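Positions are given from 1 along the sequence. These numbers were taken from a predicted model, which means no experiment stands behind them.
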Amino acid sequence: MLRPRRLVVAATAVFVAAAAVRALLAYGPPSVGSPADWPTSTALLLPSLLLGWLIAVRVPTSPIGPALALTATVPSVVFTVEDWGTTVRTGHPWPAARVVDVVGAGAWAWLFLGFVTLVLLFPDGLLPGRRWRVLWVAVPFSAALVNFTVSSDPSEGRFPIRLPEPLRVALIVTAFATFLGVLLAAASSLVVRYHRGDRLTRQRLRWLMAAAVAVPLLLGASWLATALGAPGVVAYTGFLVAMLFVVPGAIAAAILRHDLFDIDRLLGATVSWIVTTLLSAGVFAAVVLVVGGYFPDRVGITTAAFVTALVLLPLYQWIHRAAGRLVDPDRTVALERIRAFVRRVRDGQAEPEQIESVLRSALDDPALRVLLRRPGADLAVPDGAIPLQTGDSVVGALVLGTTSARRIRRAREAAVEARLPIEVSRLRLELQEALAEIRTSRSRLMDEVNAERQRLERDLHDGAQQRLIAIGMRLRSVQYHLSPGVSAYRELDEVVETLEDTVAELRRIAHGVRPSRLDDGLAVALRHLVADSTVPVDLVVPEVDVGENAATAVYFTVGEAIANALKHARATRISIAVGVTDQVLRAVVRDDGVGGASEGFGLTSLRDRVASAGGAFTVDSPPGAGTSITVEIPLELPCAS
C-alpha cells in the first residue's frame with residue numbers, strides 16, 4: 001500500500017500538470033474561456049491541496065491528507081478535460097478534441113469523486129463495515145454512467161450514435177437515480193460512523209457536521225439571491241467558499257486540533273437557531289394565513305409578530321435542550337446531572353461535600369479532585385488545575401486526572417454550575433475548622449483548670465488542713481493539762497471541735513474540686529462511687545488509661561446519673577457500662593425508673609462538662625421506660641495533660 005504522503009505527492013503532480021495544461025488552453029492559441037477562469041478556479045482548489053499537505057506532514061499515517069488532495073485534483077482534471085474538448089469549437093483544436101468534448105460534456109459527475117472518498121474515509125480511514133466496500137465500485141460506476149448519459153444527449157449533437165428515446169429515458173432515470181443513491185449512501189456512512197464511533201470519532205465528525213450545515217444554507221441563500229436578480233458569480237460566492245474553504249478547513253481542524261474550541265457547543269447552538277428560525281417562520285406564516293383571512297393585513301402581521309415573539313424563547317430553549325442531547329450529549333448530560341445535584345443540595349436532600357464524586361461521575365474523570373483552601377492557609381494551585389474564585393480571592397482548585405483543551409472547557413462550565421455546593425463545602429470546612437479550634441482551646445483550658453484544681457486540692461490537703469490538725473492536737477495537749485472542771489477546759493474542747501468541723505469542711509471542698517479517687521484511675525473511682533448507692537448497681541468498667549478531662553467528666557456524669565436515679569426516678573436497679581472503642585471513651589448509665597427526665601440545671605451542667613472535654617452527651621428517657629444517659633468522648637483530642 002502506498003503511503004499517504006506519496007499519494008499526496010502524486011495528487012499534487014497531477015494537479016500541477018492539469019493546471020499547466022489549462023494555462024496553455026487559456027492563454028495559448030485556443031484561448032479557451034475567460035482569462036480569469038484559470039487563476040480563479042486554481043485559487044479555489046489550492047486550499048484543499050495545501051490542507052492535504054499539512055495533514056500529510058503533521059499526521060503522516062492519516063488517509064485524510066490524500067483524500068483532501070483528491071478533492072482538489074479531480075476538479076482540476078475535470079476542468080482540463082472540459083477545456084480541452086472546448087477547443088473543438090475554436091480555430092486551434094487540440095488532438096482528439098472532438099472525442100474529449102463528448103466525454104467532457106458529462107464529466108462534471110466526477111467532481112463528486114473526491115468528496116465521496118473523503119466522506120467514506122473520514123476520520124480514521126476505515127469504512128463503517130465490509131458491505132460499504134460496494135461503494136468503492138458504485139461511485140466510479142455511477143459517475144461513468146451519468147457521464148455517458150449526459151454525453152449521449154442528442155440535443156448537443158456531440159455523440160455519434162443516436163439512442164432510441166425509450167432507452168435514453170430509462171438510461172437517464174437509472175443513471176441519476178443510481179448516482180443520487182450512491183451520494184446519499186456515502187453521506188449516510190457518516191451517520192453510521194457517528195453512532196458506532198468512540199468519543200474522539202464523534203468529536204471529529206462534529207467538525208464536519210458543523211461545516212456541512214453551512215453548505216445547504218449558503219446554497220439556499222445563493223438560489224434566493226439568484227431569484228432576486230443577483231449575478232451568479234456574486235450569488236454563489238458564499239456557497240463556493242463553504243464548499244472549498246470551510247469544509248476542508250473543518251476537516252483539517254478535526255484531524256489536527258479537534259479540541260481547538262468547543263465545536264459541540266457551536267454546532268448545538270447553530271442547529272438550535274436554524275431550527276428555531278425555520279419553526280418561527282412557520283408560526284409567523286401560519287398565523288398570517290389564519291388571521292389574515294378575517295382581519296386586515298396589518299392586523300394579521302401584527303398578530304403573527306406577537307405570537308412569534310411569544311413562542312420564540314420557550315421554543316428556542318426546548319430545541320436547544322433537544323439539540324444538545326442529540327449533538328452534544330456528554331456536555332448536556334453532565335451539566336444536567338450537576339444541576340440536579342445542586343437542586344438536591346438546596347432541598348436538603350444531598351450533602352454539598354458530595355460535589356467531588358458528582359463531578360467525577362459527570363465529567364467521567366475518576367481522578368478528579370476538588371481542593372478547598374483551608375482557613376488561614378495559602379492554597380498552592382497545581383499546574384493545569386482550574387482555580388475556583390470568589391471575587392478576587394482563590395478559594396479552591398479543580399484538579400483533573402486527564403487534561404485537554406476540551407476537558408478543561410467542560411470542567412470550567414461544570415465548576416460554574418457547581419458553584420453553590422463548592423462554596424457551601426468551603427464554608428462548612430471553615431466552620432468545622434473553627435469548631436475544632438474551639439474544642440482544642442476549650443480542652444487546653446480544662447487541662448489548666450484541672451491542674452489548678454489538683455494544686456488546690458493538694459494545697460488544702462498538705463497545707464492548711466495539716467496545719468489545722470496540728471493546731472488541734474496542740475490544743476488537745478494543752479487541754480489535758482487542765483482540770484476538766486475549769487472553764488478553759490470546756491472552751492478548748494469547743495475550739496478543737498470547731499477545728500475538726502473546719503477540717504471536715506475543707507475535705508468536702510477539696511473533694512468537690514476534684515475527686516481524689518481518680519488518683520487511682522477511673523475504674524477504681526467508679527467502684528468507690530457505686531459502693532455508696534442504696535440500690536443495686538451493675539458496673540462494667542475495665543482498667544482504662546484515659547486523660548484527666550475525660551475521666552473527670554465521666555466520673556461526675558455517672559455520679560449525677562446515680563443521684564438522679566435515686567432521687568427522682570424511683571429506680572430499683574442501675575447498670576453502668578464504660579469502655580473504649582475506636583479511641584472513644586463511652587459510658588452508658590441506665591436505670592429502670594419512671595423515665596420522663598427533662599432537661600434541667602443538672603443535665604445541662606453535665607452536658608456542658610462533657611462538651612468541655614470535646615464529647616457528646618445524650619439522654620433517652622421515655623416515660624415509664626427508664627432513663628439512659630450516654631457519654632462519648634474522643635480520646636484523640638488532647639484531653640490528657
Side chain to side chain donor-acceptor pair (under 3.5 Å) evaluation trace for Arg193 with Thr201: CA-CA 8 Å; Arg193 197 188 301 275; Thr201 300; over 6 Å; no
Check against side-chain contact (heavy atoms from CB on, under 4.5 Å), Thr581 and Arg586: CA-CA 7 Å; Thr581 305; Arg586 190 168 187 267; 5.8 Å; no
Show, in sequence, the C-alpha distance, side-chain angles and deciding distance for Trp132 and Ser189, and conclude whether the side chain to side chain donor-acceptor pair (under 3.5 Å) test is met. CA-CA 8 Å; Trp132 292 86; Ser189 68; over 6 Å; no
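Counting heavy atoms from C-beta outward, Pro382 and Leu371 have side chains that approach closer than 4.5 Å. The shortest distance between side-chain heavy atoms of Asp365 and Leu359 does not fall below 4.5 Å. Here the side chains of Phe15 and Leu70 are not in contact, with every heavy-atom distance at 4.5 Å or above.
Of the charged side-chain nitrogens involved, at least one lies within less than 4.0 Å of a carboxylate oxygen, so that Arg426 and Glu423 count as a salt-bridged pair. Look at Arg204 and Asp124 and you find no salt bridge, because none of the NZ, NE, NH1 or NH2 atoms lies under 4.0 Å from a carboxylate O. By the 4.0 Å N-to-carboxylate-O rule, Arg360 lies close enough to Glu356 to be salt-bridged with it.
Ring orientation note: the planes of Phe112 and Trp108 are nearly perpendicular, at an angle over 60° on the 30°/60° scale.
A donor-acceptor distance shorter than 3.5 angstrom exists from the side chain of Arg196 to the backbone of Pro128, with no hydrogens or angles considered. Under a 3.5 Å cut-off, the side chain of Arg337 and the backbone N or O of Leu363 do not form any donor-acceptor pair. Between the side chain of Ser425 and the backbone N or O of Pro421, at least one donor-acceptor pair lies under 3.5 Å.
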